[in-house]
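A short worksheet on the structure shown next.
The figures that follow rest on heavy atoms only: side chains count, while hydrogens, waters and symmetry mates do not.
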Amino acid sequence: MKYAWRLALVVALLAHSGCGYSLAGRGSFLPAYIKRIGVPQFTNNTAVFELDRQVTERVRTEFIGRGKWTIVPDSTGVDGLVTGVITSVALTPVAFNTAQQATRYALILSAAVEFKDMRTNTVLWSNPAMQYREEYALNPTSAVDTSTFLGQDINARERMANDFARALVSSILEAF
């Protein structure tokens with residue numbers, strides 16, 4: 001009887017203990033004192049008009065969606081600071097029709113991004129060559145210039161900005 005009671009107690013404790021795992025995209029390695037995060041406008045070194053504004057807005061929205069921090073567009077008076085430079089956007093053909101005309105393109109956005117702890121003045125996360133890649137089907141008469149393509153295909157631009165922001169914020173919060 002004594003052993004059965006001990007075994008039941010051990011089983012109950014194991015059943016109520018956590019396994020240490022959490023849902024992907026919901027963790028954070030940031031110090032607890034980081035409550036206010038600044039996300040100033042990214043710098044745009046490409047010819048794609050307002051790409052910096054769109055990507056910056058999506059990064060802010062993604063942080064806000066995580067619900068733990070106050071996100072501001074300032075670089076002063078914050079506990080953490082995200083800065084970014086969009087270094088390039090390339091449109092590369094990846095599939096061709098029988099007439100050797102491109103029918104599918106890969107759109108690749110590259111950026112240098114950094115997250116800094118302003119209290120300790122240390123960089124907690126950085127990626128000088130972060131890339132996001134997505135493929136798009138196009139008809140052969142579509143423009144193949146990146147800025148023209150992104151100017152015409154608003155959906156592609158939205159998806160690219162959303163997915164890049166999601167990947168960026170997850171990388172920062174989960175320290176990958």
Side-chain angles (χ1 to χ4, degrees), residues 10 12-92 106-136 146-147 150 153-176:
V10 169
L13 288 173
L14 288 174
H16 290 310
S17 66
C19 60
Y21 291 97
S22 62
L23 293 174
R26 298 294 169 210
S28 173
F29 88 105
L30 299 181
Y33 58 81
I34 293 184
K35 302 284 187 203
R36 186 175 166 92
I37 298 174
V39 184
Q41 187 83 12
F42 279 38
T43 301
N44 186 1
N45 288 348
T46 74
V48 180
F49 181 67
E50 289 198 350
L51 183 60
D52 52 332
R53 180 194 56 77
Q54 194 166 24
V55 168
T56 304
E57 285 175 4
R58 296 300 180 264
V59 170
R60 290 174 186 155
T61 300
E62 189 64 29
F63 267 113
I64 290 168
R66 303 293 175 109
K68 296 181 180 180
W69 303 276
T70 301
I71 307 303
V72 297
D74 308 317
S75 57
T76 58
V78 295
D79 306 313
L81 181 65
V82 177
T83 55
V85 177
I86 301 170
T87 54
S88 69
V89 178
L91 194 60
T92 307
L107 183 60
I108 304 165
L109 180 138
S110 299
V113 187
E114 180 178 276
F115 183 84
K116 191 173 190 178
D117 179 337
M118 299 303 284
R119 182 182 283 186
T120 63
N121 199 31
T122 56
V123 174
L124 296 179
W125 181 91
S126 72
N127 188 337
M130 183 170 184
Q131 287 192 339
Y132 173 74
R133 180 183 192 272
E134 186 166 340
E135 290 188 13
Y136 302 94
T146 307
S147 17
L150 286 175
D153 193 338
I154 296 300
N155 292 330
R157 192 174 180 160
E158 287 286 329
R159 282 193 314 269
M160 184 178 67
N162 284 334
D163 293 344
F164 179 82
R166 187 174 303 116
L168 171 62
V169 171
S170 291
S171 294
I172 290 172
L173 296 181
E174 297 168 13
F176 287 115

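The shortest heavy-atom contact between D52 and I86 is CA-CD1, 3.7 Å. Contact between S75 and P40 at its shortest, heavy atoms only, is CB-CG, 4.3 Å. Shortest non-hydrogen contact noted between S171 and M130 is OG-CE, 4.4 Å. Taking every heavy atom of both residues into account, G77 and R36 meet most closely at O-NE, 3.0 Å. Across all non-hydrogen atoms, the minimal contact from R66 to E174 is NH1-OE2, 4.4 Å.
Of the candidates T83, V39, L30, L81, F115 forms a side chain to side chain contact (heavy atoms under 4.5 Å, CB included) with just one, namely L30. For the side chain to side chain contact (heavy atoms under 4.5 Å, CB included) test with E62, the passing option among I172, L173, V169 is V169; the others fail.
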**Prompt:** Yes or no on side chain to side chain contact (heavy atoms under 4.5 Å, CB included) for F164 and R58, after CA distance, side-chain angles and deciding distance?
**Reply:** CA-CA 8 Å; F164 179 82; R58 296 300 180 264; over 6 Å; no
**Full working for side chain to side chain contact (heavy atoms under 4.5 Å, CB included) between I34 and L124** = CA-CA 12 Å; I34 293 184; L124 296 179; 4.1 Å; yes
**Request:** Test side chain to side chain contact (heavy atoms under 4.5 Å, CB included) on F49 and N44 and set out the steps.
**Result:** CA-CA 9 Å; F49 181 67; N44 186 1; over 6 Å; no
**Request:** Might you work through the side chain to side chain contact (heavy atoms under 4.5 Å, CB included) test for Y33 and T120, ending with a clear yes or no?
**Result:** CA-CA 11 Å; Y33 58 81; T120 63; 3.5 Å; yes
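In this structure, CG on L109 lies 7.5 Å from OG1 on T87, to the nearest 0.5 angstrom. Distance check, rounded to the nearest 0.5 Å: OH of Y132 to CG of N162 gives 9.0 Å. Between E135 atom CD and I108 atom CD1 the span is 9.0 Å, to the nearest 0.5 Å. If you take CD on E50 and CD on E57, they are separated by 8.5 Å, rounding to the nearest 0.5 Å.
Side chains of D117 and P31 form a contact here, defined as non-hydrogen atoms less than 4.5 Å apart.
E134 pairs by the salt bridge (Lys or Arg N to Asp or Glu O under 4.0 Å) definition with R159, not counting sequence neighbours. D163 meets the salt bridge (Lys or Arg N to Asp or Glu O under 4.0 Å) test with R166; sequence neighbours excluded.
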